[in-house]
2 protein chains.
Amino acid sequence: MNRQELVQLIRERKSYLCIGLDTDIHKIPKHLLSHPDPIFAFNKAIIDATKDICVAYKINTAFYECLGIRGWESLQRTVEYIPKEIFTIADAKRGDIGNTSTYYAKTFYETYGFDSVTVAPYMGRDSVEPFLGFSEKWAIVLGLTSNEGSRDVQQLQLDGGFVYEKVMKTTASWGTPDNMMFVVGATKADVVADIRRLLPDHFFLVPGVGAQGGSLKEISEKGMNKEIGLLVNASRAVIYAGNDEKFAEDARAVALQYQAEMAGYIPA
Amino acid sequence: MNRQELVQLIRERKSYLCIGLDTDIHKIPKHLLSHPDPIFAFNKAIIDATKDICVAYKINTAFYECLGIRGWESLQRTVEYIPKEIFTIADAKRGDIGNTSTYYAKTFYETYGFDSVTVAPYMGRDSVEPFLGFSEKWAIVLGLTSNEGSRDVQQLQLDGGFVYEKVMKTTASWGTPDNMMFVVGATKADVVADIRRLLPDHFFLVPGVGAQGGSLKEISEKGMNKEIGLLVNASRAVIYAGNDEKFAEDARAVALQYQAEMAGYIPA
């Protein structure tokens, strides 16, 4: 999916909601466990209930990988089930030396058909660039994450700024706003305005709204650009809104609340 | 595997060779392609030919992941085939927020049974610690990598040192030399002595010897500690030593050269 299509989808749906399918076999409603593929059964119900409200689904691969091969089967079924007009994110946080990063890019873009994959920047340019050479595919580079540990590396002080600022500015120079986004944690809403000044044109994928405590209002005010430029992710707050037979309805209700709030922040 | 067992294995075999099973479907001998699982067939032959010479096998997951589910099947067969007395490394470079990192740890330690997994430190403490709470399992944290891109983040200058020095020193404080190692790139042999002073007790996993150009002699002189403290990885130089029916013999011959050289560096 290219940027024009994504922006158009956001405007049509008045939504920049990304739903995180962090589907944990230990947290899904018990009645699904008798299904041959409980993870997919859960995801299918969530997708059916929310596919007209959100503009992206993000699959954190850890929840699938830990189940071994059947986890990857659930992941593959899920990606294939997501309607093609919705943006898909493999939240896999990969990154390795050049040749190997190319294989990771192929894994998520081609083998599974995602539109994008999250990329860890610690290994630098030759670990990020291989994710940029695919038409209408996106590297979503970790910039400033929403967890406490972001202090340990990302927020180290350099001469003239923090590590994450240098990382984002440098990384941005290897690609364009058409093939690169950044992860920008929402628990630091005050910082988002600074990052938006640093990178006026890129999309930001913002986790940490909802269960992790960030404010949708603040992040929208501080992070939006003229093409919206935001995908705000909610995972647990949406997918575990309920825990019984009507879990998908409950998820839809919460997703609708997010969408309604977002609609108010999108300029006409 | 615990540290005493690893050190004992190194002393018995007079080898600190780790063989990287970076098995690329496009590079293995053509006659294997008719096998139902060519990747595993290749690995099995390499393991049979080298399992008395090396002390560790490192599997870079990217080469397997890009093949989708059948790639994971090849990976699983390979890990299960490696003799239990040999140290196994999932070179997966994972790292995510706490809960999610726990799932990655379980993936590699429990689902596939590896002794260790490589971890990317960009997300900080709560992304690394979940890999440390498993008995006789190891997080191998990216410190200074051997690629050019290591300049872009790792070698940024902080007040009082480089980012990679700060990362390694801080990260080391979250674990012990019994549950944590570091990746230290061998193309920077001059730097290895400094890192050894910084971290006298930890094992270093050293890629970049052989195809990437590092010197085994230099790295051994500068990196060894009183318990050896080194696992030196060779991937392409060993596994692609030959490309015909006798590829496994050719791999053995190269591995033996490494082992013979290493034997000369290990103090009696």
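The sequence lines fix the lettering, A, B, ..., with proteins before strands; numbering per chain opens at 1.
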### Query
Considering only heavy atoms, which portion of Tyr122(B) lies under 4.5 Å from any heavy atom of chain A: side chain, backbone, both, or neither?
both
### Message
Tell me the closest heavy-atom pair linking Val153(B) and Val167(A), and the distance in Å.
### Response
CG2-CG2, 3.8 Å
### From Ser173(B) atom OG to Asp152(A) atom CG, the distance as rounded to the nearest 0.5 Å
8.5 Å
### Message
Can you tell me which portion of Asn60(A) sits under 4.5 Å from chain B's heavy atoms? Options are side chain, backbone, both or neither.
### Response
side chain
### Heavy-atom pairs under 4.5 Å with chain A, option from Glu110(B), Glu65(B), Arg125(B), Lys106(B) with the top count
Glu65(B)
## Note on the structure
Most contact-rich option vs chain A, by heavy-atom pairs under 4.5 angstrom, among Gly143(B), Ser127(B), Ser101(B), Ala120(B), is Gly143(B)
### Query
Asp96(A) and Lys93(B): which non-hydrogen atoms are nearest, and at how many Å?
OD2-NZ, 2.8 Å
### Query
Mind checking whether Thr145(A) and Ile97(B) have side chains closer than 4.5 Å, heavy atoms only?
no
### Query
Taking all atoms of both residues into account, what is the closest heavy-atom pair of Ile69(A) and Tyr112(B), and its distance?
N-OH, 3.9 Å
### Message
With chain A as the partner, which of Leu142(B), Leu156(B), Thr107(B), Thr171(B) has the greatest number of non-hydrogen pairs under 4.5 Å?
### Response
Thr107(B)
### Query
How about Leu67(B) and Thr111(A): do any of their side-chain heavy atoms sit closer than 4.5 Å?
no
## Note on the structure
Cut-off 4.5 Å, heavy atoms of chain A, and the answer for Asn99(B) is side chain
### Message
Is Tyr164(B) in contact with chain A via its backbone, its side chain, both, or neither, using a 4.5 Å heavy-atom distance?
### Response
both
### Task
Check Met123(B) against Asn147(A) and note the closest heavy-atom contact, atom names and distance.
O-ND2, 2.8 Å
### Task
Measure distances from Leu75(B) to the heavy atoms of chain A and classify the residue's part below 4.5 Å as side chain, backbone, both or neither.
neither
### Task
Tell me, out of Gly71(A), Ala92(A), Pro121(A), who's got the most heavy-atom pairs with chain B below 4.5 Å.
Pro121(A)
### Partner chain A: residue of Gly95(B), Gly98(B), Gly149(B), Gly124(B) with the largest heavy-atom pair count (under 4.5 Å)
Gly149(B)
### Task
Select, from Val128(B), Asp126(B), Thr170(B), the one with the greatest count of heavy-atom pairs under 4.5 Å involving chain A.
Asp126(B)
### Summary
For Cys66(B) and Tyr103(A), the nearest pair of non-hydrogen atoms, with its separation, is SG-CD2, 3.3 Å
### Thr61(B)-Tyr104(A) side chain donor-acceptor pair, cut-off 3.5 Å
yes
### Query
Which answer fits Asp24(A), side chain, backbone, both or neither, if we ask what part of it has an atom under 4.5 Å from a heavy atom of chain B?
side chain
### Message
Restricting to non-hydrogen atoms, name the atom on Thr100(B) and the atom on Ala62(A) that form the minimum distance, rounded to 0.1 Å.
### Response
CG2-CB, 3.3 Å
### Summary
Applying a strict 4.5 Å limit to non-hydrogen atoms, the region of Lys166(A) in contact with chain B is side chain
